[in-house]
Amino acid sequence: MTSEALAEWRSSEQVENGIASTSPPYWDTDVDDGCGPRPSELFIRHTWKIDKFSEINKKELRSNVFDIGGYKWYILIYPKGCEVSHHLSLFLCVADHETLHPGWSQFAQFTIAVVNKDPKKSKYSDTLHRFWKKEHDWGWKKFIELSKVLDGFVDADTLTIKAQVQVIRERADHLFRCLDRQYRRELVRVYLSNVEQVCRRFVEEKRGRFGKLIEDKVRWSSFCTFWLGIDKIGRRGMSREKSDSILKVAVKHFFLEKEVASTLVMDSLYSGLKALERQTNNKKLNGNCVDAEAPIPIVLVEKDSFILVDDILLLLERAALESLPPKDEKGPQNRTKDGGLGEDFSKDSFERDERRLTELGRRTFEIFILAHIFSKVEVAYQEVVSLRRQEELIREEEAAWMTGNEQKAKRGASEKEKKSKKKQAKQKRNNRKLKDRGKEEKQDIVVEEKPQRQNLIEDAELMVEYCGADTLEDVSDVSGSVKCDILEETPVEVDSDDRDSSPVNWDSDTSEAQPNMVTTAHNVDRKTQSMKDDSSSTCSTDSLPSVLYKGNSLRDQKSQEPPARSKGKQGNLNGTVTGRCNVDELESNMVKKVVL
């Protein structure tokens, strides 16, 4: 926007003196709702004329103090610039800020202008600031270049500075009109495009959010199912909200968190709220008849609540499709400067700007209310989704737990089966080992019995050969006598005298009988215990068994008399055995042993 167009509008006599308007009453009224002073009571215009400006050598100059909004203010000027060179610096300051109570603060929207001889060339700057202890002065270090100050701004060596200060009353409980009527008109003409940007950005953001929800078919279907599952009374209760709660959020969003144009945005929302109230009243008066020129409302206003006019699903689809009206192509910079239009031009432009400001506020406020109510419904929807998800997770955990238990049970059964099989296999191996060991023992017994029988036979044959027995009776007698000596295990002791007196050569006899004696002694020693005889008679010392003692050597034995030697180196022992042993008993025992 050019400075010429701005100066043209602000120097208009219609703005200074006021003009008749055919606009709705809430556009031009400054009616207070009982919550403090009116905006006009918090607004002031202050003019400061600096004479002999060219002769000033001071670093800074201060204007006279003026009171507004419970605080004292003054204008501060640096003719040679503040921390800069070749510029004029201007500031609005709070007087006596050091004496104010701790924690004080104050919002103020203000405009400072350096007036030119040609009003169209005057220099204006507007801003919004919260003044407090550390920021008690606010303005512009490079307000205007010093080289341009002498070009029409100094008239008869006098510099004229004008200030408009609007103290903002902070009310977070409901929307409010911040600005004085005439001051608001000035700001509308200058900052209408800024207000439109703020409103359009907010509406497009919410429309995009609604559009994403609708485009997500799964989520939209789930949300519709949730909403339709609520009874009518519940849906009606969720489709309305207390006005105080919504207004607090709106003030916080558009006023406390936004920048320069936020005061004008609040005026726009205020006008939009009044338009909604007017639509609601017209609908009540006219019934279901709707003005063709009036936009279709989304929200109805009651005394203490905002109510959605239709089902929230339909309103979300509608809001996602509808957008703000197109921008005004005929902006202030394109308006004619022909002074011939005069009052008619100014009147039309004022009303056009007011209508556009009101429409922006109405549309923005409706979307804000819809988004606020939708957020409340969405919270309930998210809780239901979270609860369902939690239930699904619980079911999944239970199913996983059951599956884990089944797997553990299967693994346990498999391990038990493996252990049982291993145990059975081990038992079978042990049984097989026992059987094999029993078979080996039986074989050992059989193997041992065979030599025993063979030894008995060999013993008998040797006895027969040694004694010279021709019949089985002789063998029986010899065997019996041998058995008697062995079972008795009583060695036959021979006196040394008798041994010496015997004519027998013990050495020669021993050498001759050694082979057979060794074999017989070995076999007899192995069966000593089995061949005991219970007879009381003993064999004669003349028999061979008296020599076959455990020592197996004839040199170790003592006999009373040498054995009789017969032909074939075998002695006849019939006389001795018959005389001293029971032949029949020995014979029968010997036969039994041989048979065995």
Side-chain angles (χ1 to χ4, degrees), residues 172 201-254 256-257 298-299 305-322 366-428:
R201 183 165 55 249
F202 173 80
V203 172
E204 293 299 328
E205 178 185 351
K206 298 304 178 183
R207 288 181 64 246
R209 182 183 176 189
F210 300 154
K212 288 181 179 180
L213 174 62
I214 296 172
E215 291 175 0
D216 189 347
K217 301 300 182 182
V218 176
R219 188 163 177 258
W220 177 247
S221 176
S222 176
F223 180 79
C224 293
T225 303
F226 160 76
W227 178 253
L228 297 176
I230 303 173
D231 56 85
K232 292 183 178 180
I233 298 176
R235 280 183 286 178
R236 189 180 300 113
M238 298 179 72
S239 299
R240 61 190 302 155
E241 186 62 60
K242 292 290 184 180
S243 58
D244 290 345
S245 61
I246 290 182
L247 293 175
K248 287 180 181 179
V249 179
V251 170
K252 180 180 179 181
H253 181 82
F254 290 104
L256 301 179
E257 297 179 356
I298 293 177
V299 179
S305 300
F306 297 109
I307 305 173
L308 299 180
V309 298
D310 205 343
D311 188 80
I312 191 173
L313 301 178
L314 299 176
L315 294 179
L316 290 174
E317 293 177 348
R318 174 183 161 189
L321 297 176
E322 292 183 359
E366 281 187 328
I367 296 298
F368 185 87
I369 295 173
L370 178 62
H372 183 81
I373 293 177
F374 170 71
S375 64
K376 182 178 66 174
V377 177
E378 189 178 26
V379 169
Y381 167 71
Q382 293 294 343
E383 290 179 355
V384 173
V385 172
S386 299
L387 182 61
R388 291 176 181 174
R389 180 56 181 164
Q390 186 177 4
E391 292 175 353
E392 291 177 359
L393 291 175
I394 292 174
R395 287 194 294 268
E396 291 176 359
E397 290 178 357
E398 290 178 351
W401 182 75
M402 294 295 294
T403 303
N405 289 343
E406 292 178 357
Q407 293 178 354
K408 288 181 180 179
K410 290 180 180 179
R411 287 196 298 268
S414 177
E415 291 177 358
K416 288 182 179 179
E417 185 177 358
K418 289 180 180 179
K419 290 181 179 179
S420 177
K421 290 181 178 179
K422 289 181 179 180
K423 187 175 181 180
Q424 292 177 359
K426 185 176 181 180
Q427 187 66 27
K428 289 180 179 180

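Position 1 is the first residue of the sequence, and the numbers go up from there. Quick note: numbers below take in every heavy atom, side chains included, and nothing from hydrogens, waters or symmetry partners.
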Would you find a donor on one side and an acceptor on the other, under 3.5 Å apart, between the side chain of Ser420 and the backbone of Lys416?
no

Could you please spell out the steps behind the side-chain contact (heavy atoms from CB on, under 4.5 Å) verdict for Asp311 and Trp227?
CA-CA 10 Å; Asp311 188 80; Trp227 178 253; 2.9 Å; yes

Which atoms form the tightest heavy-atom contact between Met238 and Ile373, and what is the distance?
O-CG2, 3.1 Å

Any heavy-atom pair between the side chains of Glu415 and Lys418 that's under 4.5 Å?
no

So, for Ile298 and Ile367, which heavy atoms are closest and what is the spacing to 0.1 Å?
CD1-CD1, 4.4 Å

To the closest 0.5 Å, what do you measure between CZ (Arg240) and NZ (Lys242)?
7.5 Å

4.5 Å side-chain heavy-atom contact, Asp216 and Lys212:
no

Is any side-chain heavy atom of Glu391 closer than 4.5 Å to a side-chain heavy atom of Arg395?
yes

Calculate, to the nearest 0.5 Å, the distance between atoms CD1 and CZ belonging to Ile230 and Arg236 respectively.
13.0 Å

So how far is it from Thr225 OG1 to Tyr381 OH, rounded to the nearest 0.5 Å?
8.5 Å

Enter the distance from Ile214:CD1 to Cys224:SG here, rounded to the nearest 0.5 Å.
8.5 Å

Over all heavy atoms of both residues, which pair between Ala371 and Lys206 is shortest? Give the atoms and the distance, please.
CB-CD, 3.9 Å

So does Ala320 get a backbone contact from the side chain of Arg207, meaning a donor-acceptor N/O pair under 3.5 Å?
yes

With side-chain contact (heavy atoms from CB on, under 4.5 Å) as the test, would you mind laying out the steps for Glu378 and Arg209 before giving the verdict?
CA-CA 12 Å; Glu378 189 178 26; Arg209 182 183 176 189; 2.3 Å; yes

From NZ (Lys422) to CD (Gln424), nearest 0.5 Å
13.0 Å

Sub-3.5 Å donor-acceptor pair from the side chain of Ser414 to the main-chain atoms of Arg411, do we have one?
no

Applying ring-ring contact (aromatic ring centres under 6.0 Å, His included) to Phe202 and His253, what does each step give before you reach the verdict?
CA-CA 10 Å; Phe202 173 80; His253 181 82; 5.4 Å; yes

More than 12 foreign heavy atoms under 6.0 Å from NZ of Lys376: is that the case here?
yes

Please round to the nearest 0.5 Å and tell me the distance separating atom CD of Glu406 and atom NZ of Lys410.
6.0 Å

Check this for me, if you would: do Arg388 and Glu392 make a salt bridge, where the nitrogen-to-carboxylate-oxygen distance has to be below 4.0 angstrom?
no

Are any side-chain N or O atoms of Ser386 and backbone N or O atoms of Gln382, one a donor and one an acceptor, separated by less than 3.5 Å?
yes

Backbone N or O of Val218 within a donor-acceptor pair of the Ser222 side chain at under 3.5 Å?
no

In the structure I gave you, are the side-chain heavy atoms of Leu308 and Leu370 within less than 4.5 Å of one another anywhere?
yes

Whether Phe210 and Phe374 hold their rings parallel, tilted or perpendicular, with breakpoints at 30° and 60°:
perpendicular

For Ile394, does the CD1 atom sit with more than 12 other heavy atoms under 6.0 Å from it, leaving out its own atoms?
yes

So Phe223 and Trp220, would you call those rings parallel, tilted or perpendicular, with 30° and 60° as cut-offs?
parallel

Heavy-atom side-chain proximity of Arg235 to Leu228 below 4.5 angstrom
yes

Apply side-chain contact (heavy atoms from CB on, under 4.5 Å) to Glu241 and Ile369, showing your working.
CA-CA 8 Å; Glu241 186 62 60; Ile369 295 173; over 6 Å; no

